2 protein chains.
Amino acid sequence: MDRAATDVNRPTLIKKQTLHDQVADSVRDLIIEGYLEPGTRIDETALVEQLGVSRTPFREALRTLAAEGLVIIRPSKGAVVRKLSSQDVLSMLEVLAEIERLAGKLTIKRASQAELDELLALHDEMMAYYADRDRLPYYKLNQKFHSRLAELSGNDTLREVQSNIQARLKRIRFIGNRHEDSWSGAVADHEQMAIAIREKDGEKLGDVLAGHLMATWDRVKNTF
Amino acid sequence: MDRAATDVNRPTLIKKQTLHDQVADSVRDLIIEGYLEPGTRIDETALVEQLGVSRTPFREALRTLAAEGLVIIRPSKGAVVRKLSSQDVLSMLEVLAEIERLAGKLTIKRASQAELDELLALHDEMMAYYADRDRLPYYKLNQKFHSRLAELSGNDTLREVQSNIQARLKRIRFIGNRHEDSWSGAVADHEQMAIAIREKDGEKLGDVLAGHLMATWDRVKNTF
DNA sequence: TATGATTCTATTGTATACAAAATACAAGTA
DNA sequence: TACTTGTATTTTGTATACAATAGAATCATA
């Protein structure tokens, strides 16, 4: 789960990464980016061939992804990409809302002015892309904004849980922003966040974040 | 992460469990129960021998435990039992507090009367053991009370996150209850929970739960 | 034709074998 | 003595081989 942070802390030239980690990363991306659709069986033989590794590291990687909740391993019957029910998504958003509420409160309490400015810079950049209706970079910056907020909370467990849930939801949240009107609603939320950050009002920031996530639910719940 | 629930949902006679799952369970228990101390290297050869399995399922199990945050795999240098810093514990308790606050709110909102009664029954049983100062059964019932509460929230993600953090903290929380005075404090919290459940006051239940967990921090923070 | 037993095949689970890397150790040098 | 440098040993990483299981296909029978 903690992969991102540890990689970052390692000098980039010496990329000591074991094969099953690389495989886990690859397959994770395949799932998150939708190349492996939810519900589809993971064809060990085919993917092993495609990735050019043997079954051993591949299966170890699968176990990791299973623990992360991205795949389900059915004993003797192969692994499938986890399919999220509307219940699943609701439960994740409920938890994520409280996680980010806490992130907001802690970040205001603990982050330095420079760090808060960094968040605001991300926000401004997002808004610029919104002005151009440039969806993909907006989406990416949005992810980054929330991740960075979690980091600045100074709470590693929070960051880990947030990152895990975010990964599971990634595809679905992208869907949620497809309609212009819901997009503008999300943008309005983000403006409120920026205000709360400038005011250094942790409670308010937390409330806006939580509300923002539950609004995501309203946007996606009909797509099931 | 989801191990508990799936096991429960499977008829006990047909224990279709793959070897690496059993191994993961065994090693998890060894860690939680303190037979493998934090920081110690996990001797693959020795444990494989002791468990009577080959390295393949054992290593797969290790990957699972790594994703659960119980062990750290250092590439080419073996796995070690994760050692929690005081920072780690604080961050887990902060998150757990908000998770259980949510659990309290949702459970009051969603659980049936029979289910609430079940929680109250667990509570009464705990109190009986406290009256006898019988620590171990009290401790086990306490775990069960919190787990059951998370289940009754009707939110699977919540249950999963709670169960994972709880597993990581298990040993430490046991330490926290070693002193008579802090134990009585915990018991007082639990009486408040029972009252909130009877009153069906979700906010209050959530507050008490969160406070209870942060009080745990006060109890253990000096042991580092 | 439909049903059900029975093989056959494909896939998964586990063990072992081999390769690569890290660590421990020893000998030599300053 | 302290510090290299090289070698041996242990440990880890990966591939392959073999075993067990599930699912598909075949055939027989009603």
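In what follows, chains are A, B, ... by sequence order, proteins preceding strands, each numbered from 1. On a predicted model such as this, the values are computed, not experimentally measured, just so you know.
Distance CZ (B:R74) to P (C:dT23): 8 Å, rounded to an integer number of Å. If you take CD of A:E44 and P of D:dT16, they are 15 Å apart, rounded to a whole angstrom. If you take CZ of B:R41 and P of D:dT11, they are 6 Å apart, rounded to a whole angstrom. In this structure, B:K77 atom NZ and D:dT10 atom C1' are separated by 15 Å, rounded to whole Å. Between the CG atom of A:L47 and the P atom of C:dT11 there is a distance of 13 Å, rounded to whole Å. The separation between A:F58 atom CZ and C:dT12 atom C1' is 12 Å, rounded to whole Å. For A:L51 and D:dT14, the CG to C1' distance is 15 Å, given to the nearest whole Å. We find that CD of A:E60 is positioned 11 Å from P of D:dA15, with the value rounded to whole Å.
In this structure, B:H190 and B:H212 have perpendicular ring planes: the angle between them is above 60°, well past the 30° mark.
The side chain of A:S76 sits closest to D:dT21 out of D:dT21, C:dT16, D:dT14. You'll find that the side chain of A:R55 is closest to C:dT14, out of C:dT14, D:dT14, C:dA22.
Put simply, CZ on A:F58 and CG on A:L47 are 4.5 Å apart, with the number rounded to the nearest 0.5 Å.
A:R135 forms a cation-pi arrangement with A:W183, by the criterion of a distance under 6.0 Å to the ring centre and an angle within 45° of the ring axis.
Between A:T18 and D:dT14 there is a side-chain N or O to OP1 or OP2 distance below 4.0 Å.
The closest side-chain donor-acceptor pair between A:S85 and A:D88 falls under 3.5 angstrom.
Comparing B:T45 and A:T56, the nucleotide of DNA chain D nearest to each residue sits closer to the 5' end for B:T45.
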